[in-house]
Trainee: 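Okay, handing you the structure first.
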Amino acid sequence: MAALIAGFFVTALLYASVGFGGGSTYTALLALSAVDYRVLPLLSLACNIVVVAGSTVRFARAEITPWRGAIILTAIAAPAAFLGGLTPIGQSAFLAILGASLLLTALTLVLPSRASGDSDPTRLARFMPLLAVPLGYLAGLVGIGGGIFLAPFLHLTKWNSARAIAATASLFILVNSLFGLAGQLLKGGAERLGAAVDLGLPLLIAVAIGGQIGSFLALKYLPQRWIRLGTAALTGWVGARLLLNL
């Protein structure tokens with residue numbers, strides 16, 4: 001348990017500094033620890049909320065968040081996240097979707113990031129709200145907030161500046177995680193919530209502390225490239241392992 005707490009602390013510290021919640025890595029760590037798949041999304045989504053709440057407030061206070069565009073994306077994704085949380089799913093299907101999601105996360109992390117906001121948005125930028133629907137559903141279903149998938153597409157289409165995209169991803173993850181968690185709670189009931197609380201309280205404390213530290217550090221002293229590659233290696237390995245064991 002101590003190793004899991006430490007892993008969650010470090011994950012929250014690193015992800016919070018760039019506006020993400022860390023749901024993909026929390027999920028990978030929990031999967032490695034053989035946590036009940038029915039409890040796993042509850043824990044990941046709750047940790048996402050704790051971490052990105054601070055980042056969202058920080059971006060808002062700094063007047064970085066592009067509210068109109070960010071609200072459109074999150075408002076479209078939120079109902080899908082709620083439905084994802086409500087969706088009944090068997091263990092094999094859950095692990096297959098989770099494994100594929102983790103592999104996609106790894107691919108997203110190793111793709112080179114491109115500067116945004118240097119020129120006008122591309123024509124594809126207007127279609128980003130369509131992408132919000134499947135990402136929201138995925139967030140509620142398996143506990144990955146979706147921002148780590150959304151941000152690269154926003155960068156590629158030059159949707160806005162890099163800082164505005166980070167702020168949007170943070171809000172997107174927060175809202176998706178809240179709605180996805182609500183769906184999961186309605187589906188699982190009090191018994192599953194109790195199991196999640198018993199296991200999750202130390203993890204929530206760890207990510208709360210790590211998230212606050214990461215939010216202030218903003219990765220000024222940490223090499224982002226190596227962090228991205230390390231995270232990609234972890235999520236990719238867990239994703240492949242889940243799929244191979246089906």
Side-chain angles (χ1 to χ4, degrees), residues 15-16 18-27 41-42 44-49 51-53 55-57 59-60 64-87 89 94 97-98 100-109 111 113-114 116-117 120-187 235:
Y15 275 79
V18 289
F20 293 143
S24 57
T25 303
Y26 302 139
T27 301
L42 291 171
S44 292
L45 291 170
C47 289
N48 264 351
I49 292 167
V51 174
V52 296
S55 301
T56 301
V57 171
F59 284 126
I64 295 172
T65 308
W67 288 109
R68 183 176 180 275
I71 288 175
I72 289 174
L73 290 172
T74 54
I76 292 172
F82 182 71
L83 290 175
L86 281 176
T87 302
I89 186 170
F94 176 86
I97 295 172
L98 176 58
S101 299
L102 292 175
L103 285 178
L104 287 173
T105 299
L107 178 61
T108 299
L109 288 168
L111 287 175
S113 58
R114 299 183 182 180
S116 338
D120 293 334
T122 68
R123 293 181 180 180
L124 292 176
R126 70 184 69 178
F127 297 107
M128 288 302 98
L130 297 177
L131 184 64
V133 176
L135 293 183
Y137 187 79
L138 184 66
L141 188 65
V142 298
I144 295 176
I148 202 166
F149 295 127
L150 177 68
F153 285 98
L154 297 182
H155 281 292
L156 288 171
T157 59
K158 299 183 179 180
W159 185 81
N160 210 315
S161 69
R163 297 184 73 194
I165 288 173
T168 300
S170 184
L171 180 65
F172 187 82
I173 294 167
L174 176 62
V175 174
N176 278 343
S177 297
L178 285 168
F179 277 78
L181 184 60
Q184 287 285 344
L185 290 174
L186 285 175
K187 178 176 67 177
T235 55

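Counting from 1, the numbers follow the sequence of the chain as shown.
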Trainee: For residues Ser55 and Ser170, report the shortest heavy-atom separation together with the two atoms involved.
Mentor: CB-OG, 3.4 Å
Trainee: Which pair of non-hydrogen atoms, one from Gly143 and one from Ser44, has the smallest distance, and what is that distance?
Mentor: O-CB, 3.3 Å
Trainee: Under 4.5 Å between any side-chain heavy atoms of Thr168 and Asn160, yes or no?
Mentor: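 The answer is no, as the side chains (C-beta and beyond) never meet within the 4.5 Å cut-off.
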Trainee: If only atom types and distance count, is the side chain of Ser177 paired as donor or acceptor with the main-chain N or O of Leu174 below 3.5 Å?
Mentor: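 Flag not set: sc Ser177 to bb Leu174 has no pair under 3.5 Å.
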Trainee: Could you give the distance from CD (Gln184) to CG (Leu141), rounded to the nearest 0.5 Å?
Mentor: 7.5 Å
Trainee: For Phe153, does the CZ atom have more than 12 heavy-atom neighbours from other residues, nucleotides or ligands under 6.0 Å away?
Mentor: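 Not buried by this count: 12 neighbours or fewer within 6.0 Å.
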Trainee: If I take atom CZ from residue Phe82 and atom OG1 from residue Thr87, how far apart are they, to the nearest 0.5 angstrom?
Mentor: 10.0 Å
Trainee: Would one find more than 12 heavy atoms of other residues, nucleotides or ligands at under 6.0 Å from atom CZ of Phe179?
Mentor: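 No, CZ of Phe179 has 12 or fewer neighbouring heavy atoms, counting only those of other groups under 6.0 Å.
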Trainee: State, with a plain yes or no, whether a side-chain heavy atom of Ser101 is found less than 4.5 Å away from one of Leu138.
Mentor: yes
Trainee: Measure the shortest side-chain to side-chain distance between Asn48 and Tyr26 over non-hydrogen atoms and say whether it is less than 4.5 angstrom.
Mentor: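 Touching, per the 4.5 Å side-chain cut-off.
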Trainee: Look up atom CG in Leu135 and atom CZ in Phe149, then write down how far apart they are to the nearest 0.5 Å.
Mentor: 7.5 Å
Trainee: Write down the atom of Lys187, the atom of Leu86, and the distance for their closest heavy-atom approach.
Mentor: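 Scanning both residues, the minimum pair turns out to be CD-O, 3.4 Å.
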Trainee: Could you walk me through whether Phe59 and Leu171 pass the side chain to side chain contact (heavy atoms under 4.5 Å, CB included) test, one step at a time?
Mentor: CA-CA 9 Å; Phe59 284 126; Leu171 180 65; over 6 Å; no
Trainee: Say you draw a straight line from CG of Leu150 to CG of Leu131; how long is it, rounded to the nearest 0.5 Å?
Mentor: 6.0 Å
Trainee: Taking atom CG of Leu124 and atom CG of Leu154, what is their separation to the nearest 0.5 Å?
Mentor: 12.0 Å
Trainee: Looking only at heavy atoms, which two atoms of Pro129 and Ile72 are closest? And how far apart?
Mentor: CG-CG2, 4.1 Å
Trainee: With a 4.5 Å cut-off on side-chain heavy atoms, are Ile76 and Leu130 touching?
Mentor: no
Trainee: Can you name the nearest heavy-atom pair linking Thr157 to Met128, along with the distance?
Mentor: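 In terms of heavy atoms, the two residues are closest at CG2-CE, 3.9 Å.
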Trainee: Which heavy-atom pair separates Ala78 from Val175 by the least distance, and what is that distance?
Mentor: CB-CG1, 3.7 Å
Trainee: Check whether any side-chain heavy atom of Val142 lies under 4.5 Å from a side-chain heavy atom of Thr27, and answer yes or no.
Mentor: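 No - every pair of side-chain heavy atoms lies 4.5 Å or more apart.
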Trainee: To the nearest 0.5 Å, tell me how far Ile165 CD1 sits from Phe172 CZ.
Mentor: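 Those atoms lie 13.0 Å apart.
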